[in-house]
Structure formats: structure tokens, C-alpha cells
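These numbers come from the heavy atoms of this one structure, side chains and all, not from hydrogens, waters or symmetry mates.
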Amino acid sequence: MIRHLQAGLLTASILALSSGAAFADYELNILHINDLHSRIESINKYDSTCSAEEEGKNECFGGVARLKTEIDTKRQELTGKNLLLLNAGDNFQGSLFFTTYKGAAEAEFLNLMKFDAMTVGNHEFDEGEDGLATFLDKVQFPVVTSNVLAGFKSKVGERVKPSIVLDVGGQKIGIVGAVANDTPELSSVGDSILIAQDIDTITAEVQKLKGEGVNKIIALTHVGYPRDLAVIAKIPDVDVVVGGHSHSLLSNTDEKAEGPYPTMVDNPGGYKVPVVQAGSYSKYLGDLVVTFDDAGVVKAAKGDPILIDSKIKPDASVLARVAELAKPIEELKTKIIGKTDGPIDGSRETCRARECEMGDLVTDAMLDRVKDQGIVIAIINGGGLRASIDAGDVSMGEAITVLPFQNTLSTFQLTGADIAAALENGLSQVEEGGGRFPQVAGLKFTFDKSKPAGSRASNIEVKDGAGFVALDPAKTYGVVSNNFMRGGGDGYSVFKKAENAYDYGPGLETVLADYLAKNNPYKPMTDGRITEVAAATASEPSTQTSTDTAAKSVTPDAKPADGSKALAGDAAAEKPATETPVVQATTPETPIAETKPVTETPVASGGATPSAEKHVVVRGDTLWDLAKSVYGDGELWSRIAEASGNPVPEKLEIGTELTIPAK
């Protein structure tokens, strides 16, 4: 229904005349994906490329052919209704299709799906601005990212817009994009592009659109679910947030979901904002229905992601094109490099939060490769491990899917003090599932995520013969990592000052393949090289995330007392804190306030008694963390428990509502 202005106005007029009211409510359907990560072919339960045998057993998910079918089906169902198809970024990186075609395949299939808008993800910079510029040359839809500021020498030019306005069914819909603030650390942005603070650029662009008469504004973000909740949804006049980056599955039916779909967040302007995200890897298609009143206020929001499973028949023409593009890489993909006795867990939920099987395998392989060069320690970022491997034969294609970034082995020397600092950087974002989490070999350490970032690692020991000895801060050690981290990626700036550095070793995927061939068959394992301190006591609720989920929590910025001016200028808002905030939320289909103030709501003066607040449980929440965030003291968790009917602290159910008594 985009740009069907006359038809939309006619419909509105008929409704107005028949009801005697000014205008009818406006309903907008939003289909969305995020974090495709080049999953052009279908995937299995391990997020790796699905085999023909698994396809035959109906065990596969996603892939662009199935996704195209479901998008076409939904479009047919919604004929005559208001519809947007949005993409929240990170289409690059993750399969041999990207390795081979450098974004051209992704652009081709996204064009076939006819997206209305996309925001840039951090991985869209993995081939530098040259790679992004080539992608922008090929896509046939707008790309909007307000905090990507291209310099006059940039090849990106003005093709990444801060926002767009679309006419959907006679109504103006504003879309403002943003990418993660730390993209320069996560990828290869280059010197000609500046990544500004998301809160500042979104705030400015939203106010610009509002001044142009746009009263329905969507923030299309690639900053992660925690930041969407804590920051983006609280920017004045943002009405809906469609996000990506954290690969968060939101759902009202899936017990593994990180939160409800949509998650409703209180905006300081006195209204509620639906926040959505749809997993990753083409496995889900987000399906949101938002109802606005004629003033542009969200009255209700409902929906759930659609699982793209084997019940959905792949589009035949897309499937044929995928097969055609796969021919040049099929020989490489199918080469068997070894065998594993069991599945090797490389999931982001594990590898970004604790020791994982894939982390042990890859770091052991790296250390084995250079052990004759005086190298004794291997460190790699958990976010660099992109898939698991199932049991049985392991192909070269699977190795590349696990390590798709074409990073090379880097060797260098650091002092023990610098190694300890590197570990602290790696542990600094564990609550958020940050990709910098350190997987290691030749090293053992303990960490306590309840302590402030920068002081979480302890008992750091380095392998010495058959045993381990304490890391000596003054001693120089040989270290192996990858060239991305050696260049300061993922916050490992301490690696940049390393001595005797060599960054041009073999590709990590080759190192992994050679190690599996050498240790065939391979037996997956973890050996306790990374230990997490349990923060629970007999009288306190546990603050440790369960063993099968990633430790993720909402990361708040300081909440200003008055509107956008304070939000834009608040220094604390530029970098999230590390405690869990209270996100006031309602159940997904609860009707909400129908008045959106034109000006910001003033702060009441006088002695009004503060009332209790509500908080909807998301994955990673604990009563201890909530109490620490609200009252500054985790030991006051029992106040929240008593006000909320004394739920079992270790078994907080995602999506349930807690009562948070006032301070």
C-alpha cells in the first residue's frame, strides 16, 4: 500500500463519514528480519548449512528461498492493507556465499524480497567502505542509518540516509536508522566514515521529521535488544523500534525467548513503545501489527515471529538461483577435513558468556600451529565463532562457516599485565553477550561478573609444562590471536602496542581444518580453563545465568528528568552502564494510552509519593540485579520478591511482571 495516497485518503474519508468521527485508527503491518549473516542456503539446528539428508528429514530452517516464499505469502494475505518490510542489518558475513561474492549474492536476494528500508549493521563494514559501497550500488531499496557520517572522501557518499519518509496507505511513516556505537571496534569502518552516538543522531532526526509533520516514526536499529529497551525506545517521539545486532528472539510462545513480542517500553513522553527483534540467520520473519490513533499514538501492538521451518516450501526460482551461485564453491564446501565424535557447541549464547567447546577447539588449534615459535597463550573473541558443528564428518564449508571472516593468525609478545588487561576487556560486556568475551588456550582464569568491569578476572594462570603457574605481570609472554583483534578490534586496544607482531599468518579456517585433520576423530570437550564465580549464597537469589543461556541484561543510560534536550546531551547516555534497569512494560496486546503530548511532560514539583513500577522479566534478569539497579543494593532483593508474590528467585519466568516498590 506504499504511496497509494488517493486510495488511502478515500478509505479514510469513507470511514470518517460513516462513523461520524474525525478519522479511523490506522493499522500498520511490519514484517522484518535482522542478522541474516549470509545464510543464503537453509540451516540446521546448529545454524550451519543444512545437508541434503537433513532436508530430506525436514530438519532445516530458513534460507532465502523459504524466506521469499513466506514474505510473498504474507503480502498476499495482507493485500489492501498497510505493509512495510524492514531489514535491521548484518546481511554480510557468515557463509561461503559472502566469502565468494562479497555481498553481491545478499544484495540480489534482498532485492527479490523487495524490502522497503534497511539499516546498516556493523558487519556491513567487514570489507571496509569499499565493500559497503559496492553493496549500495546493487541494492534497490533505501538504506537509512543516522549515525553513519560519511566524509567527503568516502565512497559511500550520501547513499546511506539518516532517515526516510514513506507514504503507506495515505499516511507518512518516518524511518530512522542507527548502527552500534562501537562499530569501529567491531569492524573495519575506515578513516572516511565517523560513527556518531546513536542517541544523539536519532533524537535529532526524529525531531526533524516531527517538524515536517510526520507523527508515526520507526527506529530501525542495529544496536541490540538491551540498548533498544534502555535507550532507543525512550527517545522522545519514537513510536516503534525494530531492532537487530543481539540476535534476540522475542516471542510469546517460545520458552527460549529473551522477552515478549513486542516488548512494551515506557517512553518519558507518557506513552508506550513496542520493541521487536526476530532472532537471526533467516530462521524467523518478524510479524508485527501496530494500531495508531489519528494523532500518531500507538494504541496497541501485537504479533509473533514466524518460524521459517520445513513446512514452508522454498521458492523454486530462488532455489535454482542459489544452486547456480553455489556451483563454484561446492567443491570447496564438500571437502571432508575430519570427523568429530559429537556436536561442537559454537553458539553465541555459550561462547560469549563462558568457556565453550568451539572456543577450546579453535584456540587449541591456534596454539598448536605456532607452539614452536615460543607462543604459549592463545586468545580469541567469542564473537568470532559464528556456528556450531554437528557430529560426524566435518567439511571445509563448515569450518569456514564457523570462522567466516578471513582473519589471519597473528603472533606477538605482551607482558603479563597487558594480558590481564586484555582479559578484563573481554569480560567487560559479558552481561550484554558482547562478542569480545575471551576464549583461551594455555591459560586459566576465574571471573566474577558481579564485580565492576575492569576487576572481574582473578586466579590467572599460564601453562607451564604439565601444570599451571600464576601469570607474572612483569614477564613477557608469546601470544597468538587474529589480525582483527591485534589491530584493536573488539576493544583489545592493548594488543596494538604488542612487540614483535606478525599479522600475516594462515587463515583461521585453514588452521582449524588442519588441526581437525591432525586430530581425527576429534572429541569435543571443555576442561575448566575458564571458571565463573557463582555470586549466590544460601539466602540470596542466584545472579548466575543458567548453563544453556547467554548472560544478557538490559544496560541503561542515565534517565534525564526532561525530554530530548537532556537525552541528547547527557554524557551518561553515551555509554550504557552495566546494571539491569527497570523496563516498564505491558503484555503485548494490552491497549495503551491514546494521548501523546505535543510537548514533553513536565516533572512534577512538590511532595507526591512515588508509586511502585512494573518490570517485565527478560532473559538474564535476577532479583539481585534488579534491586542493585533500583536501590543500589542487591541485598534488598526481598523487597521486590515480597511485592511480586514471592516468585522463586532462581526460576524467574520470562514475560512475567514484577512489582518494583519505590525507593
Side-chain angles (χ1 to χ4, degrees), residues 35-38 40 87-108 110 118-139 141-162 177-196 198 201 222-223 244-245 380-381 383-384 386 400-401 403-410 435-436 481-493 495-496 501-510:
D35 299 281
L36 173 68
H37 283 297
S38 192
I40 303 298
N87 183 319
D90 267 10
N91 301 286
F92 282 17
Q93 205 64 265
S95 80
L96 291 172
F97 282 85
F98 182 76
T99 304
T100 303
Y101 296 108
K102 303 299 183 187
E106 290 76 13
E108 178 178 340
L110 295 177
M118 168 193 146
T119 190
V120 168
N122 54 287
H123 282 289
E124 264 72 73
F125 290 99
D126 281 353
E127 295 293 318
E129 67 170 300
D130 285 350
L132 176 56
T134 301
F135 177 78
L136 294 171
D137 286 340
K138 296 180 182 299
V139 295
F141 46 80
V143 177
V144 291
T145 314
S146 64
N147 60 335
V148 170
L149 308 180
F152 72 96
K153 293 183 179 180
S154 171
K155 296 179 181 179
V156 169
E158 298 182 353
R159 288 177 292 176
V160 176
K161 306 291 185 182
V179 69
N181 292 335
D182 58 352
T183 293
E185 295 180 7
L186 302 175
S187 193
S188 303
V189 174
D191 297 330
S192 298
I193 294 176
L194 172 68
I195 305 298
D198 53 8
T201 59
H222 192 85
V223 303
H245 188 49
I380 193 171
N381 52 333
R386 307 304 290 187
I400 296 175
T401 301
L403 298 164
F405 300 115
Q406 297 180 288
N407 291 135
T408 55
L409 214 59
S410 291
R436 62 187 60 189
S481 187
N482 62 58
N483 62 314
F484 169 71
M485 295 172 64
R486 231 287 296 163
D490 257 342
Y492 284 88
S493 57
F495 284 4
K496 295 176 72 173
Y502 180 75
D503 299 330
Y504 308 106
L508 287 188
E509 72 283 356
T510 301

(request) Determine yes or no for a side-chain-to-main-chain donor-acceptor pair under 3.5 angstrom, with D90 supplying the side chain and H123 the backbone. (result) yes
(request) Measure the acute angle between the ring planes of F98 and F92, then classify it against the limits of 30° and 60° as parallel, tilted or perpendicular. (result) tilted
(message) Testing the basics here: between L110 and L36, what is the closest heavy-atom pair and its distance to 0.1 Å?
(response) CD2-CD2, 4.3 Å
(request) Using distance alone, with no hydrogens and no angle criterion, decide if S95 and S38 have a side-chain donor and acceptor under 3.5 Å apart. (result) yes
(request) Answer whether the closest heavy-atom distance between the side chains of N482 and I380 falls below 4.5 Å. (result) yes
(message) For the OG atom of S481 and the CG atom of L508, what is their distance to the nearest 0.5 Å?
(response) 8.0 Å
(request) Tell me, with the steps shown, if N87 and F141 meet side chain to side chain contact (heavy atoms under 4.5 Å, CB included). (result) CA-CA 10 Å; N87 183 319; F141 46 80; 5.6 Å; no
(request) Answer yes or no: is there a side-chain heavy-atom contact under 4.5 Å between P142 and K161? (result) no
(request) Give a yes-or-no answer on whether the side chains of D198 and N147 include a donor-acceptor pair shorter than 3.5 Å. (result) no
(request) Assess the side chains of Q93 and D126: does a donor N or O sit below 3.5 Å from an acceptor N or O? (result) yes
(message) Show the nearest heavy-atom pair for residues A107 and V139, with the distance to one decimal.
(response) CB-CG1, 3.9 Å
(message) For the CG atom of L149 and the CD1 atom of I195, what is their distance to the nearest 0.5 Å?
(response) 7.5 Å
(request) Kindly compute the distance separating OG (S154) from CD (E129), expressed to the nearest 0.5 Å. (result) 4.0 Å
(message) For N91 and M118: C-alpha separation, side-chain torsions, deciding distance, then whether side chain to side chain contact (heavy atoms under 4.5 Å, CB included) applies.
(response) CA-CA 10 Å; N91 301 286; M118 168 193 146; 3.4 Å; yes
(request) Indicate yes or no for a side-chain donor-acceptor contact from Y101 to the backbone of E106 under 3.5 Å, with no hydrogens or angles considered. (result) no
(message) Side chains of R386 and T401, heavy atoms from C-beta outward: is any pair under 4.5 Å?
(response) no
(request) State, to 0.1 Å, how close A150 and G157 come at their nearest heavy-atom pair, and which atoms those are. (result) CB-O, 3.5 Å
(message) I want to check something: taking the side chain as every heavy atom from C-beta on, are D490 and L186 in contact at a cut-off of under 4.5 Å?
(response) yes
(message) Rounded to the nearest 0.5 Å, what separates atom OG in S187 from atom CG in D182?
(response) 11.0 Å
(request) Answer yes or no: are there more than 12 heavy-atom neighbours, outside K155 itself, under 6.0 Å from its atom NZ? (result) no
(message) Please report the interatomic distance CG(N181) to OG1(T201), rounded to the nearest 0.5 Å.
(response) 8.0 Å
(request) Report yes or no: does S188 contribute a side-chain atom to a donor-acceptor pair with the main-chain N or O of G128 at less than 3.5 Å? (result) no
(message) If only side-chain N and O atoms count, and only distance matters, is there a donor-acceptor pair under 3.5 Å linking H222 with N122?
(response) yes
(message) For D503 versus S410, what's the shortest heavy-atom pair and its separation?
(response) OD1-OG, 3.1 Å
(request) Kindly give the heavy-atom pair with the smallest separation between L136 and V160, and that separation in Å. (result) CD1-CG2, 3.8 Å
(request) Enter the distance from H245:NE2 to T119:OG1 here, rounded to the nearest 0.5 Å. (result) 11.5 Å
